[in-house]
**Student:** 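Starting off with a structure, shown below.
What you see is a predicted model; the values in this text were computed from it and never measured. FYI, side chains are in, hydrogens and waters are out, and symmetry mates aren't considered; it's all heavy atoms of this structure.
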Amino acid sequence: MARDLRLFFVLLVISAAGLVPPPAAAAGPAKVPLALYYESLCPYCSRFIVNHLAGIFDDGLIDIVDLLLVPYGNAHVRGENNTINCQHGPYECILNNVEACAIDAWPDLNVHFGFINCVEDLVMNNKQEEWESCFKKQNLDPKPVMECYGSEHGQKLSLEYGKQTDALVPPHKYVPWVVVDGEPLYDDYENFEAYVCKAYKGHPPKACQELTRQYPIVEQVVKASNGVSYDSFDLEELDDNVDGEIKMVGADGN
């Protein structure tokens, strides 16, 4: 008994002195995987990046998202030399490679997305030849990207993105191809934020709460004809002051 008491008091003193480490903090809810498979000169892709995807950096949704950008799209590899042919021609291959090199040179999502968003904004305005101006606009050193694109390393990056795109299950049918938590959104991709909010397991951030007020999510899950489960939306109570509208949009096919 006396020994047990001594042990108890020793542990009590050690604990009071702060020598016993506190229990490990519980890990927070996992971020929702969000992947965009696209190509640089696709008009639907550039509009999606600039007018929709960029918004998650402003409304805070980026805090619960693990965003992956894959600049390859509907390109194809041909011949023994692994030549990449792009849907919108050779200049698209150049810009796909530039954006792949940007992701490689600046792994920080905020940095490489800022650069890609700048390039795609130029594409939207038919000024893609001015893409090098984005280095100055984003206050970035052009050297790593300029040395990468068109090089063997740049080619290797594009081929790797091609493998990732070709490995999609189900295969992509067009671009932009948006995948949330492993499920493609098909032509409902502009509403990706609602799917991200639904997939997030933690307390919904402010952006999700506001989105729910604008587009109330019906809890009943409907089975789409393509075999993917989607949440339906009640648009009858859509706030008249909300900019934009949910609509079906076209995309670049194969």
Side-chain angles (χ1 to χ4, degrees), residues 31-57 61-62 65-77 82-89 91-121 123-124 128 131 134 144-145 148-150 153-190 192-193 195-196 199 228 249 251-254:
K31 291 187 175 183
V32 178
L34 168 62
L36 169 63
Y37 297 82
Y38 72 104
E39 57 197 24
S40 58
L41 294 186
C42 157
Y44 298 103
C45 297
S46 58
R47 286 200 291 268
F48 175 71
I49 290 171
V50 175
N51 295 336
H52 298 277
L53 190 57
I56 68 177
F57 291 84
L61 203 66
I62 189 61
V65 164
D66 184 12
L67 177 60
L68 173 68
L69 302 174
V70 184
Y72 184 81
N74 296 324
H76 295 282
V77 177
N82 289 328
T83 301
I84 300 176
N85 292 335
C86 296
Q87 181 176 4
H88 298 96
Y91 202 77
E92 179 167 75
C93 283
I94 291 175
L95 288 186
N96 283 353
N97 199 226
V98 164
E99 296 184 8
C101 288
I103 296 169
D104 183 66
W106 306 305
D108 186 322
L109 175 63
N110 289 282
V111 179
H112 68 245
F113 183 85
F115 178 81
I116 290 172
N117 186 50
C118 177
V119 173
E120 293 304 319
D121 185 63
V123 172
M124 270 184 57
Q128 54 267 24
W131 65 268
C134 289
V145 170
C148 171
Y149 99 88
H153 180 60
Q155 172 80 352
K156 188 178 297 183
L157 291 174
S158 288
L159 289 173
E160 182 58 36
Y161 281 136
K163 291 178 182 178
Q164 291 183 33
T165 303
D166 292 341
L168 280 166
V169 179
H172 85 287
K173 296 182 177 181
Y174 41 74
V175 287
W177 189 254
V178 180
V179 180
V180 173
D181 201 23
E183 299 289 354
L185 302 190
Y186 294 89
D187 50 12
D188 201 27
Y189 62 85
E190 286 191 357
F192 74 98
E193 287 191 333
Y195 295 95
V196 168
V228 177
V249 295
D252 275 6
N254 290 306

**Student:** Is a side-chain donor or acceptor of N96 paired with a backbone partner of S40 at a separation under 3.5 angstrom?
**Tutor:** yes
**Student:** Quick one: closest heavy-atom pair of G154 and C101, and the distance?
**Tutor:**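 So the two residues come closest at CA-SG, 4.0 Å.
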**Student:** Can I62 and L109 be said to form a side-chain contact (heavy atoms from CB on, under 4.5 Å), step by step?
**Tutor:** CA-CA 10 Å; I62 189 61; L109 175 63; 3.5 Å; yes
**Student:** Considering only heavy atoms from C-beta outward, does the side chain of T83 approach that of N85 to under 4.5 Å?
**Tutor:** yes
**Student:** Between CH2 of W106 and CD1 of I116, what distance do you get to the nearest 0.5 Å?
**Tutor:**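 Here the rounded value is 9.5 Å.
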**Student:** Can you name the closest pair of heavy atoms from H172 and Y174 and give their distance?
**Tutor:**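 Taking every non-hydrogen atom into account, CD2-O, 3.4 Å.
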**Student:** Minimum heavy-atom separation for Y38 and C45, please, with both atom names.
**Tutor:** CB-SG, 3.6 Å
**Student:** Under 3.5 Å, which donor-acceptor pairs do the side chains of residues 159-168 form with other protein atoms, sequence neighbours left out?
**Tutor:**
residue, atom, partner, partner atom, Å
T165, OG1, Y161, O, 2.9

**Student:** Indicate yes or no for a side-chain donor-acceptor contact from S46 to the backbone of P43 under 3.5 Å, with no hydrogens or angles considered.
**Tutor:** yes
**Student:** Say you draw a straight line from CD1 of I94 to CD1 of I84; how long is it, rounded to the nearest 0.5 Å?
**Tutor:** 12.0 Å
**Student:** Between N97 (side chain only) and G150 (backbone N and O only), is there a donor and an acceptor less than 3.5 Å apart?
**Tutor:** yes
**Student:** Specify the closest pair of heavy atoms between P176 and L36, including all atoms of both residues, with the distance to one decimal.
**Tutor:** CB-CD1, 3.6 Å
**Student:** How long is the span from the CG atom in L41 to the CD atom in E120, to the nearest 0.5 Å?
**Tutor:**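 Spacing of CG (L41) from CD (E120) equals 7.5 Å.
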**Student:** Could I get the full list of side-chain hydrogen bond (donor to acceptor under 3.5 Å, both in side chains) partners for H88, not counting sequence neighbours?
**Tutor:**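 Checked H88 against side-chain hydrogen bond (donor to acceptor under 3.5 Å, both in side chains); matches are E39, E92, D252.
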**Student:** Are V32 and F192 packed together at the side-chain level, in the sense that at least one heavy-atom pair is separated by less than 4.5 angstrom?
**Tutor:**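 Of all side-chain heavy-atom pairs linking F192 with V32, none is under 4.5 Å.
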**Student:** Residues in side chain to side chain contact (heavy atoms under 4.5 Å, CB included) with N117, at least two apart?
**Tutor:**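 For N117, the residues satisfying side chain to side chain contact (heavy atoms under 4.5 Å, CB included) (neighbours in sequence not counted) are I49, V50, A54, F113.
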**Student:** Does the plane of the ring in F48 sit parallel, tilted or perpendicular to the ring in H52? Use 30° and 60° as the thresholds.
**Tutor:**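 Geometry flag for H52 against F48: parallel rings.
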**Student:** Compare every heavy atom of I103 with every heavy atom of P71, then report the nearest pair and how far apart it is.
**Tutor:**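 So the minimum-distance heavy-atom pair works out to CD-CD1, 4.0 Å.
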**Student:** Does a side-chain heavy-atom distance below 4.5 Å link D188 with Y195?
**Tutor:**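 Answer yes - side chains close enough.
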**Student:** With sequence neighbours excluded, tell me which residues meet side chain to side chain contact (heavy atoms under 4.5 Å, CB included) with C118.
**Tutor:**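 For C118, the residues satisfying side chain to side chain contact (heavy atoms under 4.5 Å, CB included) (neighbours in sequence not counted) are C134, K137, Q138.
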**Student:** Among V65, L61, L185, L69, which one satisfies side-chain contact (heavy atoms from CB on, under 4.5 Å) with L34?
**Tutor:** V65
**Student:** Can you list the residues that meet the ring-ring contact (aromatic ring centres under 6.0 Å, His included) rule with Y37, with sequence neighbours excluded?
**Tutor:** none
**Student:** Which heavy-atom pair separates L157 from C148 by the least distance, and what is that distance?
**Tutor:** CD1-SG, 3.8 Å
**Student:** Test of understanding: with ring-ring contact (aromatic ring centres under 6.0 Å, His included), list the residues that count as partners of Y149, not counting sequence neighbours.
**Tutor:** W131
**Student:** Side chains of N110 and F57: does their closest heavy-atom pair fall under 4.5 Å?
**Tutor:**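 Yes. Closest side-chain heavy atoms under 4.5 Å.
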